[in-house]
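This report concerns only the one structure given below.
Atoms within each ligand, like the ligands themselves, are counted from 1 in listed order.
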Amino acid sequence: MSTTRHIQNIALIGFMGTGKSSVGQIVAHQLHFTLLDTDQVIEARAGKTISDIFTQDGEPAFRAMEKKIVAELATRKKTVISTGGGLPVNPDNLAGLKSHSLVVCLWASAEKIWERVRTQTHRPLLLEPDPMAKIKKLLEQREPFYRQADVLLNTEMRAVKDVAQQVIHQYHLAQAGQR
Ligand code: S3P
């Protein structure tokens, strides 16, 4: 993978429930960028939900689809890429995103994440007898990957629109630094 970076997009990474989709929508709208949500692309291509992909085809099949989409993004411009929570665990995915995007990680504690996702049922990895323990375990495993983002933003004490403003600000700074 080339180390040359030409930042033309914004990639949002981070754990489930950190607000990637909602923040991505605001950022894309304000910058007049296209919004691409990797989970949505996968569901559209597979013609089924992420939950069904996990149960019928297995997690490795889902991860392979994620990897394929990231590889296809190499020529993208003016796109906000909202990613699934496990996508940056594959180093190829992170390196691929970094080659063309400012990679911003949205962060929250396990407790805050649980508060946000507890009423939702569409995340197969959390359909567990003890979801909070699973969140803590995954968060710990993934933290080293999330920390490789260009920017780490704590979302806990901030409204979604304020997180979006921070993302836009960081993108403008990165653009200015490239000139
Ligand atoms: C996953 C997160 C989900 C989705 C899938 C797996 C993960 O996306 O990609 O259920 O491994 O953390 P969100 O982070 O958008 O919930």
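Using a cut-off of 4.0 Å between Lys/Arg side-chain N and Asp/Glu carboxylate O, Asp37 and Lys20 are scored as not salt-bridged. Under a 4.0 Å N-O distance rule, the pair Asp150/Arg5 qualifies as a salt bridge. Using a 4.0 Å cut-off between charged side-chain N and carboxylate O, Lys137 and Glu140 make no salt bridge.
Under 4.0 angstrom from ligand 1, the non-hydrogen atoms of Lys20 all belong to its side chain. Contact annotation: for Arg142 versus ligand 1, heavy atoms closer than 4.0 Å belong to the side chain alone. Heavy atoms of Leu125 found under 4.0 angstrom from ligand 1 belong exclusively to the side chain. By the criterion of a heavy-atom distance under 4.0 Å, the side chain of Arg63, and not its backbone, is placed next to ligand 1.
By the 30° and 60° cut-offs, the orientation of the rings of Phe33 relative to Tyr171 is perpendicular.
The distance criterion of under 3.5 Å between nitrogen or oxygen atoms is not met by His122 with respect to ligand 1. Distances between N or O atoms of Arg123 and those of ligand 1 include at least one value under 3.5 Å. Looking at Gly85 next to ligand 1, an N or O pair under 3.5 Å apart turns up.
When the side chains of ILVMFWY residues are joined at heavy-atom separations under 4.5 Å, either directly or via intervening members, Leu94 and Leu12 end up in two distinct hydrophobic clusters.
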>> Evaluate Gln8 against Ser101 for side-chain hydrogen bond (donor to acceptor under 3.5 Å, both in side chains), listing each step before the verdict.
In response: CA-CA 6 Å; Gln8 317 198 66; Ser101 298; over 6 Å; no
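Within the listing of ligand 1, atoms 5 (C), 10 (O) sit less than 4.0 angstrom from a heavy atom of Ile50. Interface atoms of ligand 1 facing Asp39, defined by a heavy-atom separation under 4.0 Å, are 3 (C), 4 (C), 8 (O), 9 (O), 13 (P), 15 (O).
The shortest distance between side-chain heavy atoms of Val103 and Val151 does not fall below 4.5 Å.
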